[in-house]
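These notes are about the structure you will find just below.
Throughout, residue positions are numbered sequentially from 1 according to the sequence presented.
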Amino acid sequence: MWALNSAGGAPPEGDLDAARGLLDPGQEITTSVARVAAATAARLRLQGPPLDDPRPPGRGVVLLAAAVGARGERRAAELARVVPPPRTAYDLLSYHAVAGAAVPYAEGLADVLRDSSPLTGTLDRPGPSGAPGCDELIDRLRSDGPARRLLTLRFAAPVTDPAQYGWRGETLAWLRHEDVGLVLDVYENALVHHRAEHERMARAAWRAALAGDADAATPVATWWRALAELESAAPAMLRARRQLLDYHEWTNLFRRVRTMEART
């Protein structure tokens, strides 16, 4: 399958003229799906079986891959919407192998792919109807050691898509009531491994805020909401984190934007 070598560029394109064959793709494709799932688990550094679920992947990913291949057709979105939800951990991984690699090349189909693949929606951002499934998946991921580490590192990395910033910020704000340790791990990793990038994004957001453009500053500010709230509610907890230093540029940004929003 193309997803095994997705780093090579855009997925191939085709059509759905032979769609009936998707119902019984044959043993070769079934074997390829299993390899894709295993390779994705290894790439994400998830130990096997991931999430303690040894069940093999199903064939739903074949429909998802067909939708990606036919992304130039109107029927592609219709097909992606009827892809069965992933049932197993290896389903989650195989769906993500296809959807995650295809999203940058399938603008018109991207949100449908995110909705079809909960792991893609979680690590990127959900589509219009995918947030509840992503919230449920986050609960599963944070209860598993390697998956929790994956979630921490992905959420700590800077992004450029405002929707991604918003999704991650809102998720961290929710998680601070459920799993404050994970939230602090995210912020620590952000400042230890990605400080320069986060500083660059903060400077741009501050310029927007000082110019009165709250909308432009809000996505970055939202990402730091949970830390700002913890700074106010539990400062001793933050002081106990030895790597969590010099973060006031971001927490003050959140407060500035919140004040601007309250005035409108």
- prompt: With a 3.5 Å cut-off and no angle check, do the side chains of Asp53 and Thr88 form a donor-acceptor pair?
  reply: no
task: Could you tell me whether a side-chain N or O of Arg142 sits under 3.5 Å from a main-chain N or O of Leu175, the two making a donor and an acceptor?
output: no
Under 3.5 Å donor-acceptor, Asn189 side chain and Leu153 backbone: no
query: So, Trp250 side chain and His198 main chain: donor-acceptor pair closer than 3.5 Å or not?
result: yes
statement: Nearest heavy-atom contact between Met260 and Asp213 is CE-N, 4.1 Å
Residue pair Val186 / Leu172, side-chain heavy-atom distance below 4.5 Å: yes
task: Grab the two heavy atoms, one from Val36 and one from Ser94, that are nearest each other, plus how far apart they are.
output: CG1-CA, 4.3 Å
field: Contact check, side chains of Asn252 and Trp206, non-hydrogen atoms, under 4.5 Å
entry: yes
field: Any Pro56 side-chain heavy atom under 4.5 Å of Val33 side chain
entry: no
- prompt: Charged N to carboxylate O under 4.0 angstrom, Arg258 versus Glu261?
  reply: yes
field: Test log, rule side-chain contact (heavy atoms from CB on, under 4.5 Å), inputs Glu188 and Arg242
entry: CA-CA 9 Å; Glu188 270 194 330; Arg242 302 181 64 179; 5.5 Å; no
Salt bridge Arg148-Asp179, side-chain N to carboxylate O under 4.0 Å: yes
query: Taking all atoms of both residues into account, what is the closest heavy-atom pair of Asp91 and Gly58, and its distance?
result: OD1-N, 2.6 Å
query: Got Val61 and Val83 here, is their nearest side-chain heavy-atom distance under 4.5 Å?
result: no
query: Is there a donor-acceptor contact under 3.5 Å from the side chain of Thr122 to the main chain of Pro118?
result: yes
query: Got a sec: does the CZ of Arg87 have more than 12 other heavy atoms crowding it under 6.0 Å?
result: no
Salt-bridge contact Arg125-Asp111 (side-chain N to carboxylate O under 4.0 Å): yes
Residue pair Leu191, Gln243: steps toward the side-chain contact (heavy atoms from CB on, under 4.5 Å) verdict: CA-CA 8 Å; Leu191 296 180; Gln243 301 292 335; over 6 Å; no
query: Hey, are the side chains of Arg256 and Leu210 touching, using non-hydrogen atoms and a 4.5 Å cut-off?
result: yes
message: With a 6.0 Å cut-off on the ring centroids, do Trp223 and Tyr187 count as close?
response: yes
query: Can you find a heavy atom in the side chain of Pro158 that is under 4.5 Å from one in the side chain of Tyr165?
result: yes
Side-chain H-bond candidate by donor/acceptor type, Glu231 with His248, under 3.5 Å: yes
message: What verdict does the side-chain contact (heavy atoms from CB on, under 4.5 Å) test give for Leu150 and Leu141, after you've listed the backbone C-alpha separation in whole Å, the side-chain angles of each residue and the deciding distance to 0.1 Å?
response: CA-CA 8 Å; Leu150 167 65; Leu141 295 176; 5.5 Å; no
query: Does Arg168 make a cation-pi contact with Phe155, if we ask for NZ or CZ under 6.0 Å from the ring centre and within 45° of the axis?
result: yes
message: Using a 3.5 Å distance criterion without hydrogens, assess whether the side chain of Ser116 forms a donor-acceptor pair with backbone atoms of Ala80.
response: yes
query: So does Arg241 pair up with Asp185, basic N to acidic O under 4.0 Å?
result: yes
task: Would you mind reporting whether Thr152 and Leu182 have side-chain heavy atoms less than 4.5 Å apart?
output: yes
query: More than 12 non-hydrogen atoms from neighbouring residues, nucleotides or ligands closer than 6.0 Å to CZ on Arg45, yes or no?
result: no
- request: Please examine the side chains of Val257 and Val220, heavy atoms only from C-beta on, and report whether any two atoms are closer than 4.5 Å.
  value: no
message: If you count heavy atoms of other groups shown closer than 6.0 angstrom to CD of Gln47, is the number above 12?
response: no
task: Given side-chain contact (heavy atoms from CB on, under 4.5 Å), test Thr120 with Leu113 step by step and report yes or no.
output: CA-CA 8 Å; Thr120 304; Leu113 295 176; over 6 Å; no
